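See structure below.
None of these values were measured; they are calculated from a predicted model. Heads up: numbering here begins at 1 and tracks the sequence.
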Amino acid sequence: MEVAALVALTLLLGALVVLVALAVGRRKEEIREETEQAAEFAAESSAVKGPASKKQKQEKQRSRKDKPSQHSFSHPLLASSLKGHSGNVTCLDFSSNGKYLASCADDRTVRIWSTKDFLDREHKCLRANVELDHATLVRFSPDSRAFITWLANGDAIRIFKMTKKDDGTLSFKAAAEDFPQKHKAPILNIGIAETGKFIMSASTDTSIHIWDLKGDILASINTNQMTNSYAAISPCGRFVASCGFTPDVKVWEVCFGKGGEFREVARAFDLKGHSAGVHAFAFSNDSHRMVTVSKDGTWKLWNTDVEYKKQQDPYLLKTVPCSSSEGSRAALSPDGRVVAISDGVNVAMYDAGSGKLEEEFHGVHSEEITDLRFDVNGRFLVCSGDKAIRVFHNAPGYRAAIRDMQDMLKKAQNEAMKQRLQQQIKEAQSALDTVLAAPID
């Protein structure tokens, strides 16, 4: 029995050895055939290498040509182009602390850029995703720790909170609920008062809603302008203004009691002087100046530092001819020295005091400019229109500041004042020289 089992085992092992040998032999044969085929293929490839590679190169070049070329723009005053969005940028806003620029686009993101990187070659940004929608408008909260957006499909305001992580970077969290839908027409603008007391939203009909921060409506305004073209909150946080089909700009004060409770929205004053509808307007940082741009082909500068409760009206400082069109935007530098007006894809910068045209930028974007604004320090002018954000040096602002200080120097009688002004003029001229000598991004 044991002998028979041993014989069977020996036969089995022998059969396995034979099978393994056959398999190894067959694999060697396959490898040899594969090697020969590879050698033949390599020989054929080398024979037609020139024409084939040339053809592939031509196809690659053709595919590159088929892709739409990105719009290029250059100018001596262009500080940088911020590129990160994959969709068209629709809105921009600077934080009140001057550290950040927020941008939103139809790529379902809001991006937060650091203003200190504007002059660097690399422009890093942080991204907040807008779930199942995209934002058309974005505005920072006064403390720069949150921002609000207008949802394109949801037709509502959504609040995002910004929190710092342990590594110093920011994270974004949307509020649990969006504001209720109240507007019946497309939205024009939103804003948060610098006082932090209210939020404004305005639509293209004649409606402006004043909200508390929880999403309840405090008041609604009927502008009676047939249609609204623009609306905004003043930088001081006291006023809401609107313009539209009629040739005036209407301004209301949003009034609160000493305890912070909402009281009323009261008509403050009007800016009257244009002969046609007003496209847009902007405030200076202290809300003492306003600029308006109209269909009548002019921009006007106004002194709004008035006691309207004593029936004092704003007064006109300057009227200047300009190019404008439906969708034109206006910007006024924080110190009120420079006016910027957009017209289609072009931007013009003017000295606010003299009305002189200082700079013109043509073909800044491939599509109509959607937003135009100065940073809070007045160093830069930024605009959007396609996927890029253009950042310009505010050279007219430096020139205007130097002229003002030179005028003050002529009138100065105190020696200490003269020396201080001379030093400030020197520093401003040095800054301007640096800007003009800077390489184009």
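R127 and T109 are not linked by any side-chain donor-acceptor pair at a separation below 3.5 angstrom, with hydrogens and angles left out of the test. Counted by atom type alone, N346 and E360 present zero donor-acceptor pairs between their side chains at under 3.5 Å. No side-chain donor from either of S430 and D433 sits under 3.5 Å from a side-chain acceptor of the other. At a cut-off of 3.5 Å, with distance as the only test, a side-chain donor of H183 or S201 sits close to an acceptor on the other residue. In this structure, a donor-acceptor pair under 3.5 Å is present between the side chains of D386 and S366. A donor-acceptor pair shorter than 3.5 Å can be found between the side chains of H85 and S103. For the residue pair S324 and D343, no side-chain donor N or O sits within less than 3.5 Å of a side-chain acceptor on the partner. Side chains of T292 and W302: a donor-acceptor N/O pair is present below 3.5 angstrom, by distance only. Looking only at atom types and distance, the side chain of Q419 has no donor-acceptor partner in the side chain of Q423 under 3.5 Å away.
Ring centroids of F256 and F262 are separated by less than 6.0 Å, placing the two rings close together.
In this structure, F283 and F281 have perpendicular ring planes: the angle between them is above 60°, well past the 30° mark.
The main-chain N or O of S294 is never found under 3.5 Å from a side-chain atom of S328 such that the two would form a donor-acceptor pair.
In this structure, OG on S81 lies 4.0 Å from CZ on R390, to the nearest 0.5 angstrom.
When each of F380, F361, F118 is tested with F392 by the rule ring-ring contact (aromatic ring centres under 6.0 Å, His included), just one qualifies, namely F361.
The closest side-chain heavy-atom distance from I148 to I190 is below 4.5 Å.
Residue-environment remark: NZ (K295) exceeds the threshold of 12 foreign heavy atoms within 6.0 Å. Around atom NZ of K418, more than 12 heavy atoms belonging to other residues, nucleotides or ligands sit under 6.0 Å away.
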**OP:** For side-chain contact (heavy atoms from CB on, under 4.5 Å), just list the numbers for W113 and K99, CA-CA rounded to whole Å, side-chain angles, deciding distance to a tenth of an Å, and then say yes or no.
**Re:** CA-CA 8 Å; W113 311 81; K99 292 182 179 180; over 6 Å; no
